Visitor: 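Got a structure for you, written out below as structure tokens; questions coming shortly.
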Amino acid sequence: MTAVIHASDLTKIFGKSTAVDHISFDVREGEIFGFLGPNGAGKTTTTRMLTGVIPPDAGTAMILGYNIRSEPVLAKQEFGVVPETSNAYTDLTAWQNLMLMGELYGLPRARAERRSSDLLGMVGLLERKDQKVQAYSKGMKQRLILAMALIHEPGLLFLDEPTSGLDVQSTQMILSLLRDLNTQGTTIFLTTHNMEEANRLCHRVGIIRGGKMVAIDAPEKLKTAIDRVHKIEVSFDHEVSADALAGLDGVIDANRSGDKWQITAENRDAAIRSLVTFSRQNGASIVTLNTLAPSLDEAFLRLTQEVQS
Amino acid sequence: MNPAGFSGQMWRAWAIAKKDIRIYYIKGPVLIFGVFMPLFLFLAFLMGSRQLPLSFLISGLVGMSLFFTATAVSPAIFPWEGQAKTLERLASCPVTVEAIVFGDMIASTLFGIGITVITVIIGLVLGLTLVHGITLLAAILLAACCFSAIGMLLAVPPTNVPSNIMMLSSLIKFPLVFISGIFIPLEQMPAWGLALAFFSPLTYFTDLVRYAFTDTHYFPVLADITALAVFTLMFSVVTMFLHKRTMPKRM
Ligand SMILES: Nc1ncnc2c1ncn2[C@@H]1O[C@H](COP(=O)(O)OP(=O)(O)OP(=O)(O)O)[C@@H](O)[C@H]1O
Ligand SMILES: [Mg+2]
């Protein structure tokens with residue numbers, strides 16, 4: 001697979017503080033790449049360097065094969081951007097904003113008009129296309145910005161927290177649009193705080209903390225990587241002894257909490273098999289059995305705290 | 001069409017100019033300011049009249065009109081757009097800083113020409129005779145480009161507070177008017193004033209307008225035009241170069 005975004009040693013220094021500190025990573029063609037990090041970690045700064053809005057102080061970014069510093073126009077022609085702060089022209093209507101974008105991307109008028117109607121229909125703004133953006137709600141503005149970023153059918157899309165502060169409906173609309181775009185082949189670089197969103201949407205995520213990349217992998221792998229041991233929660237309809245449970249194959253430890261047992265297991269699969277055998281042999285049927293997978297939240301907290309200490 | 005090529009960028013500059021005109025120029029207060037500002041200055045001067053002929057005053061008025069209108073709005077566009085973050089949108093589009101600056105210049109040039117033509121018509125209505133129409137037209141076109149480049153030059157300091165820039169630009173614009181032979185004919189200026197006048201493009205434009213209306217001039221007409229052309233080129237190149245450097249600081 002080819003790298004659509006190739007960042008190497010990207011660095012940005014503001015005064016005395018290093019906002020982004022020698023970051024290197026690749027985003028592959030056709031994937032949704034999640035860029036996660038706490039507030040002030042340097043996500044927006046990185047996105048701005050990648051999209052050619054601000055120059056890096058060191059390092060290079062190759063976007064779709066173009067160096068964003070030496071061939072900015074050719075690179076920008078091929079991608080779309082949904083920036084952190086919504087920035088349509090509020091004195092123009094949605095339609096005028098889209099026409100302006102069409103001109104800035106060099107589209108013939110007819111194609112721009114066709115694309116604009118399609119996109120406005122897709123984001124549910126067609127009836128309000130002749131209203132000034134001033135009068136739009138936050139969610140409407142954000143959907144318009146997404147439409148503006150897609151006017152030239154880019155193969156790569158950058159989004160900086162596209163769903164922050166939006167209601168469930170707008171969020172779902174945007175996320176399902178992103179999923180559809182990705183299915184049609186668009187590569188997506190998505191900055192977000194929302195672990196659930198990243199977990200459901202992204203093929204791979206990169207976690208940034210204090211300007212440094214601390215992990216980069218598939219969400220599932222990140223989750224399992226942080227916990228070498230697994231937790232299983234089980235309850236029986238009879239009393240069983242802690243020692244008997246702890247002695248089972250694959251089980252490290254068993255702790256009682258309420259009417260349930262918290263089992264710490266080295267090998268989740270082996271532990272579950274022995275629990276089932278144990279229940280059959282002792283005539284104690286299993287009432288509940290849950291595997292407690294670490295969430296991406298936990299992985300994120302763990303990874304971002306490690307760097308802090 | 002190659003988006004990075006010359007004509008590709010020219011089309012984008014034109015798109016930016018149309019956007020500017022729509023958002024920043026076609027607004028009641030801006031239009032009113034454009035028409036009344038030079039008119040009031042002129043009236044103030046007429047009241048304290050020093051027995052100068054009307055044709056002299058009208059020439060000065062045309063000079064001021066163009067100068068003030070072409071530099072009225074453009075210095076604030078970058079700060080406004082920096083504040084509204086729309087500048088970030090432009091920066092992420094396939095358009096160069098030069099094309100953005102050029103687009104802003106086109107808009108202020110057109111605005112300046114439009115208002116100045118109104119002033120000229122007022123002059124004609126007041127009974128003035130136009131002696132050299134073609135020269136006047138050429139002078140207005142050239143000077144409008146020159147003054148709009150000055151307007152963009154005033155926008156170079158990378159502040160996103162429009163009032164700062166407006167203050168700064170007034171500070172530079174008003175003194176320029178006084179040394180440019182608008183209120184005091186160049187012939188009556190002291191030597192130091194004349195020395196300063198050499199460095200003001202407004203001087204050469206006013207001289208051309210005077211020539212167009214009264215057939216008198218201080219410098220040779222060709223020298224006036226050459227000076228304006230050189231200033232235009234110089235200011236355009238400098239303002240584009242400087243904006244390229246300061247643009248990222250606005251983000
Ligand atoms: N223009 C700027 N001038 C000075 N410092 C800046 C500038 N932009 C960002 N910073 C600093 O750089 C660091 C990273 O900021 P950045 O906006 O990239 O974080 P972020 O990860 O996007 O945060 P958030 O989740 O809040 O959006 C912060 O410490 C911020 O204060
Ligand atoms: Mg951010």
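What you are looking at is a predicted structure, and each value in this text was computed from that prediction instead of being measured.
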Visitor: Answer with side chain, backbone, both or neither: which region of Arg22(B) has an atom nearer than 4.5 Å to a non-hydrogen atom of chain A?
Guide: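 It is the side chain, since no backbone atom gets that close.
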Visitor: State the OG1-CZ distance between Thr85(A) and Arg89(B), to the nearest 0.5 angstrom.
Guide: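 Between Thr85(A) OG1 and Arg89(B) CZ, I get 10.0 Å after rounding to 0.5 Å.
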Visitor: Please determine whether side chain to side chain contact (heavy atoms under 4.5 Å, CB included) holds for the pair Ile16(B) and Leu104(A), giving the CA-CA distance in whole Å, both sets of side-chain angles, and the decisive distance to 0.1 Å.
Guide: CA-CA 8 Å; Ile16(B) 286 174; Leu104(A) 290 179; 3.9 Å; yes
Visitor: Drop me the distance from Asp20(B)'s CG to Tyr89(A)'s OH, to the nearest 0.5 angstrom.
Guide: 7.5 Å
Visitor: To check you understand the geometry: which heavy-atom pair defines the closest contact between Pro94(B) and Gln77(A), and what is its length?
Guide: CG-OE1, 3.1 Å
Visitor: Within the supplied structure, the quantity of interest is the number of heavy atoms (other residues, nucleotides, ligands) at a distance under 6.0 Å from Phe102(B) CZ; does it exceed 12?
Guide: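 Atom CZ in Phe102(B) is not crowded, with 12 or fewer foreign heavy atoms closer than 6.0 Å.
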Visitor: So what's closer than 4.5 Å to chain B heavy atoms on Ala75(A): side chain, backbone, both or neither?
Guide: neither
Visitor: Give, for atom OG1 of Thr90(A) and atom CD1 of Ile23(B), the distance between the pair rounded to the nearest 0.5 Å.
Guide: 7.5 Å
Visitor: Under 4.5 Å from any heavy atom of chain A, what part of Lys85(B) do you find: side chain, backbone, both or neither?
Guide: both
Visitor: State whether the number of non-hydrogen atoms from other residues, nucleotides or ligands found under 6.0 Å of Arg245(B) atom CZ is greater than 12.
Guide: no
Visitor: Rounded to the nearest 0.5 Å, what's the gap from NZ on Lys76(A) to OG on Ser92(B)? Could you check?
Guide: 7.0 Å
Visitor: Report yes if some heavy atom in the side chain of Asn2(B) is under 4.5 Å from a heavy atom in the side chain of Leu74(A); otherwise report no.
Guide: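 Yes; the side chains approach each other to less than 4.5 Å.
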Visitor: Under 3.5 Å, side chain of Lys18(B) to main-chain N/O of Leu100(A), donor-acceptor pair present?
Guide: no
Visitor: Does this structure show an ion pair linking Glu88(B) with Arg48(A), if we count only N-O contacts that are shorter than 4.0 Å?
Guide: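 A salt bridge is present here (some side-chain N lies under 4.0 Å from a carboxylate O).
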Visitor: What part of Glu71(A) gets within 4.5 angstrom of chain B, counting heavy atoms only: side chain, backbone, both, or neither?
Guide: neither
Visitor: Pick one of side chain, backbone, both or neither for Leu90(B), based on which atoms fall under 4.5 Å of a heavy atom in chain A.
Guide: side chain
Visitor: So which of Glu78(A), His152(A), Met148(A) has the biggest tally of heavy-atom pairs under 4.5 Å with chain B?
Guide: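 Of the candidates given, the most pairs with chain B belong to Met148(A).
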Visitor: Pick one of side chain, backbone, both or neither for Phe79(A), based on which atoms fall under 4.5 Å of a heavy atom in chain B.
Guide: side chain
Visitor: Where on Asp91(A) is there a heavy atom nearer than 4.5 Å to chain B: the side chain, the backbone, both, or neither?
Guide: side chain
Visitor: Using heavy-atom distances under 4.5 Å, tell me whether Met101(A) contacts chain B through its side chain, its backbone, both, or neither.
Guide: side chain
